[in-house]
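To start, the structure itself, in C-alpha cells.
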2 protein chains.
Amino acid sequence: MLLSATTENYLKAIYKLNAQTTIVTTNNIALALGTTAPSATDMIKKLALNKLITHTKYRGVGLTAKGNKAALTIIRRHRLWELFLNKVLGFKWDEVHQMAEQLEHVSVPELIERIDQYLGYPKFDPHGDPIPDAMGKIAKHQYQSLLNENSGSLATIVAVTNDDVRFLKQLEKLNLTIGTKITILAKHDFDNAMEIKPMRKPAVTISEALAKNILIQLN
Amino acid sequence: MLLSATTENYLKAIYKLNAQTTIVTTNNIALALGTTAPSATDMIKKLALNKLITHTKYRGVGLTAKGNKAALTIIRRHRLWELFLNKVLGFKWDEVHQMAEQLEHVSVPELIERIDQYLGYPKFDPHGDPIPDAMGKIAKHQYQSLLNENSGSLATIVAVTNDDVRFLKQLEKLNLTIGTKITILAKHDFDNAMEIKPMRKPAVTISEALAKNILIQLN
DNA sequence: AAATAAATTTAGACTAATCTAAAACATTTT
DNA sequence: AAAATGTTTTAGATTAGTCTAAATTTATTT
C-alpha cells in the first residue's frame, strides 16, 4: 500500500511519541510535526479510517499492527539512508538527518534492500539508533541517559536522542561522539551539569540539556 | 526556489518535448504526463504565472530561461542518480529509470554535488544521455538514429531514446548496449526492419520501432 | 460541585492538483 | 468560405492537506 509523505510523517511521529510518552495526544502530534491541532485531528481521522491507528475521541491515538509495520518501514529507510550518506558519501553525522528526511519517502523496496546489502546489513545508524530489519524487527535498546548516571562511572556513548544539527555539532566539538569511552568525573546538584572526561581527550563540562540526550552503556 | 514534484515533472516533460517537436502543445504535455488536457491547461497557467514558461493561448508553450535552468537541474539529478544506482549499487540499466523518477525530486544540492564528485564528474548516464553540469551546461548530442543509416556502415551505439524497461531488456538480449560497435548488414524497404551485427556477437534483425530509438555515431 | 482552564474537535474556508462536460477557438476538408 | 473536425480552454466539482475561529469535551481549581 502506498502512503503519502504526509501520512508517513504522521506515522513516524506517532511511533516516536509512543516510545516517549504514555499517551499520544493530538497536541503532541501537532507539536512534533510543526502543525496545528485541527490539522492533526483531520489527519488522525484519515489514518484511523485506513486502520493505521486507533483513535478514541478526546483520548489519544495508538498504532495498529499495520501502522506499526508501516512506521518501522519508514524508520528503516531513514536510518539506512543516514548510514549510507555517512559511510559511502562521507557526510558528517549532523548533516545526514535532514537529507534522510527527504530520502525516506522514496518508496522502492529493492533500493532499500540493496543499500542494506551494500552496507553489510548494519544494526545501527550514525546516531546509534537501531535499524529495523526487512521484517520490521528492531533491537529495542534500553540504554540509559547519561544524566541518570553518577560520578565515578566508566561508560561508553552508544546513541543520542536528538538530531538537531546544533546539538550534534556541539557534541563533536566536545569529543563526545558515538563509541567514545568516558569517565563521569562529577555531577553538580544545583543545575545537573556534569563533568565528563572522554578517553584520551580533555575533560569537559556539559549542561543537563546535553546530558539528557546522550545515551550510555556502563563498562 | 522550491518546486513541487508535479511542477518538476511538467518542466521536464516540456523540456524534452521542446527537443523533439517544433511546438509544445497542451495535448503533447498531457499525453507525456499521462494526464488530461484540462489538467495540463491548469498547470500551464500556473507555470506561466511563476515565469517558468511562456504561454500564448491556443498556441503552445515555451520555457523561459528560468524554466530551462530548472528543467536542467531536474534532468541533472535524474541522470546522476541513474548512474549512481548503476555504477555504485549495481542496478541494471533497465531498472534505474523508475527509481530515478522518484529520487530526482529529492532537493538537496549538496547531495547531488557529492554524488557527482563520487562518480568523478561523469558526462553520460547509463542510457548514453548527457548529464548537465552544476551550471546547467549540457553537451547537446546530435547523434543520429540507427534508422536513418544505410547498410554497409560501421557505427557505435552511443545512446537510446526510450527508457521503457521492455525496450531496454530487449536490447540487452540482442547484445545492442551502449558502446557496442555494430555493422549494418541490411535495411529492408518494406517494413524498415534492419539486419545488425554487433561485434563478436551473432547478427540480429530489429524492427523499425527498435531502430528508431537507438542512437549511433559512425566510426 | 461550580467555575475556570486546557485540550480536542467541528465548522467553514483555502490552495494545489486533478477530473468530466461543455464552450471556444483553430485547422482542415470539401 | 462554410462545414466538419480537432484542439484548447473554461466551468464546476473533487480530494488531500492545511488553516483560523468557534464549539465541545475533559481536567483542574477553588
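Chain identifiers are assigned alphabetically (A, B, ...) following the order of the sequence lines, protein sequences preceding nucleic acid strands; residue numbering begins at 1 within each chain. These numbers come from a predicted model, not from an experiment. Computed from heavy atoms alone, side chains included, the values below leave out hydrogens, waters and symmetry copies.
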Please report the distance, rounded to the nearest Å, between [atom1] in [X] and [atom2] in [N].
{"X": "His55(B)", "N": "dT7(D)", "atom1": "NE2", "atom2": "P", "result": "16 Å"}
{"X": "Asp42(A)", "N": "dA16(D)", "atom1": "CG", "atom2": "P", "result": "12 Å"}
{"X": "Lys45(A)", "N": "dT18(D)", "atom1": "NZ", "atom2": "P", "result": "14 Å"}
{"X": "Ile53(B)", "N": "dT8(D)", "atom1": "CD1", "atom2": "P", "result": "13 Å"}
{"X": "Asn9(A)", "N": "dA16(D)", "atom1": "CG", "atom2": "C1'", "result": "14 Å"}
{"X": "Leu47(A)", "N": "dT18(D)", "atom1": "CG", "atom2": "P", "result": "11 Å"}
{"X": "Arg59(A)", "N": "dT8(C)", "atom1": "CZ", "atom2": "P", "result": "10 Å"}
{"X": "Ile29(A)", "N": "dG17(D)", "atom1": "CD1", "atom2": "C1'", "result": "16 Å"}

Side chains of Leu52(B) and Ile14(B) in contact at under 4.5 Å (non-hydrogen atoms):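 No, their side chains stay 4.5 Å or more apart.
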
Between Trp93(B) and Glu172(B), is there a side-chain heavy-atom distance shorter than 4.5 Å?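 Heavy-atom side-chain distance check passes, below 4.5 Å.
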
Taking 4.0 angstrom as the limit, do Asp94(B) and Lys92(B) come out as a salt bridge?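 Lys92(B) and Asp94(B): not salt-bridged.
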
Let's see if you can work this out: which of [options] has an atom nearest to the side-chain heavy atoms of [X]?
{"X": "Thr35(A)", "options": "dC19(D), dG17(D), dC19(C)", "value": "dC19(D)"}
{"X": "Ser39(A)", "options": "dA7(C), dT18(C), dC19(D)", "value": "dC19(D)"}
{"X": "Lys46(A)", "options": "dC19(C), dG17(D), dC19(D)", "value": "dG17(D)"}

Mind checking if Thr41(B) touches a base, just sugar-phosphate, or nothing, with heavy atoms under 4.0 Å?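 Answer is base: heavy atoms of Thr41(B) come under 4.0 Å of a base.
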
Sugar-phosphate, base or nothing in reach of Thr36(B), heavy atoms under 4.0 Å: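 If one applies the 4.0 Å heavy-atom cut-off, Thr36(B) turns out to touch a base.
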
Check whether any side-chain nitrogen or oxygen of Ser4(B) sits under 4.0 Å from OP1 or OP2 of dA17(C), and answer yes or no.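 Checking Ser4(B) against dA17(C): at least one side-chain N or O falls below 4.0 Å of OP1 or OP2.
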
Looking at dT8(D), I'd like to know if its phosphate oxygens (OP1 or OP2) sit under 4.0 Å from a side-chain N or O belonging to Asn27(B).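 Yes, such a contact exists.
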
Quick one: on DNA chain D, does Lys57(B) or Tyr58(A) contact a more 5' nucleotide (nearest heavy atom)?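 So the residue in question is Lys57(B).
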
Closest-nucleotide 5' rank along DNA chain D - winner of Thr25(B) and Gly34(A):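 The residue whose closest nucleotide sits nearer the 5' end is Thr25(B).
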
Can you see whether His105(B) engages Gln102(A) through a side-chain donor-acceptor pair at a distance of less than 3.5 angstrom?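 Side-chain D/A pair, His105(B) to Gln102(A): absent.
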
Considering the options Arg79(B), Arg77(B), Lys12(B), which one meets the salt bridge (Lys or Arg N to Asp or Glu O under 4.0 Å) requirement together with Glu104(B)?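 Testing Glu104(B) for a salt bridge (Lys or Arg N to Asp or Glu O under 4.0 Å) against Arg79(B), Arg77(B), Lys12(B) leaves exactly one candidate, Lys12(B).
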
